[in-house]
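All figures in this text were calculated on a predicted structure; none of them were measured in a lab. All chains are named by letter (A, B, ...) in the order of the sequence lines, taking the proteins before the strands, and each is independently numbered beginning at 1.
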Number of protein chains: 2
Amino acid sequence: MDRNPLNNILQEKDEKPTKVEGEILLGPGIIPPVPKNSYELRILQSIRRIIRAVEIHSHKLAQEHDITGPQLSCLLALAKGGPLTITQLARMVYQSPSTIVGIVDRLADKGLALRERSCKDRRLVQVCVTEAGEALIAATPSPLQETLAESLKNLPELEQVSITLALEKVVDMMEARKIEAPPAL
Amino acid sequence: MDRNPLNNILQEKDEKPTKVEGEILLGPGIIPPVPKNSYELRILQSIRRIIRAVEIHSHKLAQEHDITGPQLSCLLALAKGGPLTITQLARMVYQSPSTIVGIVDRLADKGLALRERSCKDRRLVQVCVTEAGEALIAATPSPLQETLAESLKNLPELEQVSITLALEKVVDMMEARKIEAPPAL
DNA sequence: TTTTAATCATTCGTATTCAAATTATTTGAA
DNA sequence: TTCAAATAATTTGAATACGAATGATTAAAA
């Protein structure tokens, strides 16, 4: 009804009117009450749907290429950044070291990566890609959905910039430290 | 000292120059010499960081309020949408039914939700919130980071709109149907 | 030198998440 | 009516993901 004219900024042809403010089509006959003035909820829902899309794509990768999204991301980081320690790799792909241990385990099991204790500092473990790993990289699509990659390329650059900056703005806001919230003295 | 795990990621600039792999480790506000189509990479990274932020927030919720993000999302959907079946709930929160089963299990274990077999159709399970569940909702913050919610409110509406639409555009592109995939007739 | 602190990888426990297979129930067609 | 197909919830199995705790190793302080 009272459509915000701003909604037309980025929208091209929308065949299904599912993005009208105040109602979001969730499934057959399910229309949750969404406060009109709240972009918060729409953003939260979009984030959830993005996460789900990433996970589904990872499962598909696993079926078709015998490697999951996180494993592929790590492999690519290793291929690009040379041998890396567990902690370095964790920072590269924005995950915790304890997560990386499991991923490197599976990568090593498949012969795609290699663990090596550092001689200089025996606490460190250097991980690198094997030839089989390089081969797999060459034969496997990006960890990003192809549909997204392609759709993105077909957008005018102005819109690519807009999306990129918007996402990075969200990241900034989410990662912003809360300096206050002092534990009650 | 500093207990925020995200800080480990953010403050790694002064450790060392992180030689070759400078492209991947973008700090906030740092715009690298941009190669041809690097929007893709930046978007992928932003998505990964958003996912991580959501998960870290969920763990924090678990520690402070004895409920995780997904559990809270389901509880809110139930409180808002009345009794729901597993499948309906799954659609509301954009997750698969098999995931919801586990979440409802834990919600029921804690006495926050209630399962009930439908009389009309005994395949269906109606899930609803208990009084304890309502009480917890009243005492618990949003599943969305407060930092994001607050930062968002302080942005000019034009930018809120821009972010909302950009995210929904990404969702559209990621969920875009593969038109083919003809089910063999 | 000896002790203490810091760092690194790892293990542990819990939760989430998906697809695929399974079970119970309902619906539709022969 | 009977049986096959469809639908709903669940179970299963594998992978991810986090923080906290552990053990090994190095660095710093005493």
Using a 4.0 Å cut-off on protein heavy atoms (strictly under), produce a 5'-to-3' string for nucleotides 15-22 of chain C with B for base contact, S for backbone-only sugar-phosphate contact, and - for none.
SBBBBB--
Both distances below 3.5 Å, Watson-Crick or wobble geometry, any strand: find the nucleotide opposite dA30(C).
dT1(D)
May I have the distance from [X] (atom [atom1]) to [N] (atom [atom2]), rounded to whole angstrom?
X	N	atom1	atom2	answer
I86(A)	dT11(C)	CD1	P	11 Å
D66(A)	dA14(D)	CG	P	13 Å
D105(B)	dA9(D)	CG	C1'	11 Å
L89(A)	dA9(C)	CG	P	10 Å
L107(A)	dA15(D)	CG	C1'	13 Å
D109(A)	dA14(D)	CG	P	13 Å
I100(A)	dT16(D)	CD1	P	10 Å
L84(B)	dA8(D)	CG	P	14 Å

Just jot down the side chain to side chain donor-acceptor pair (under 3.5 Å) partners of T99(A), sequence neighbours excluded, or say none.
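Testing T99(A) for side chain to side chain donor-acceptor pair (under 3.5 Å), a comparison that skips the adjacent residues, returns S96(A).
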Report the residues that fulfil side chain to side chain donor-acceptor pair (under 3.5 Å) with E157(A), sequence neighbours left out, ordered by chain and then residue number.
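Partners of E157(A) by the side chain to side chain donor-acceptor pair (under 3.5 Å) criterion, ordered by chain and then number, come out as Y39(B).
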Will you find, in the side chains of K153(A) and Q160(A), an N or O donor that is under 3.5 Å from an N or O acceptor?
no
Would you find a donor on one side and an acceptor on the other, under 3.5 Å apart, between the side chain of T130(A) and the backbone of L112(A)?
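Yes, because the side chain of T130(A) sits within donor-acceptor range (under 3.5 Å) of the backbone of L112(A).
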Please check if the side chain of Q88(A) supplies one atom and the backbone of T85(A) the other of a donor-acceptor pair under 3.5 Å.
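Yes; at least one donor-acceptor contact below 3.5 Å.
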Quick one: salt bridge (Lys or Arg N to Asp or Glu O under 4.0 Å) pairs with a partner in residues 99-108 of chain B, sequence neighbours left out?
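The answer is D105(B)-R115(B).
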Could you name each residue pair satisfying salt bridge (Lys or Arg N to Asp or Glu O under 4.0 Å) that touches residues 120-131 of chain A, not counting sequence neighbours?
D121(A)-R123(A)
Counting C-beta onward and ignoring hydrogens, is there a side-chain heavy-atom pair between V93(A) and I100(A) closer than 4.5 Å?
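A side-chain contact exists here, since the closest heavy-atom pair is under 4.5 Å.
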A side-chain contact here means heavy atoms from C-beta on lying under 4.5 Å apart; do I163(B) and L155(B) qualify?
yes
Atom pairs under 3.5 Å: protein N/O with N/O of nucleotides 24-26 of chain D:
{"from": "dT26(D)", "atom 1": "OP1", "to": "R122(A)", "atom 2": "N", "distance (Å)": "3.2"}

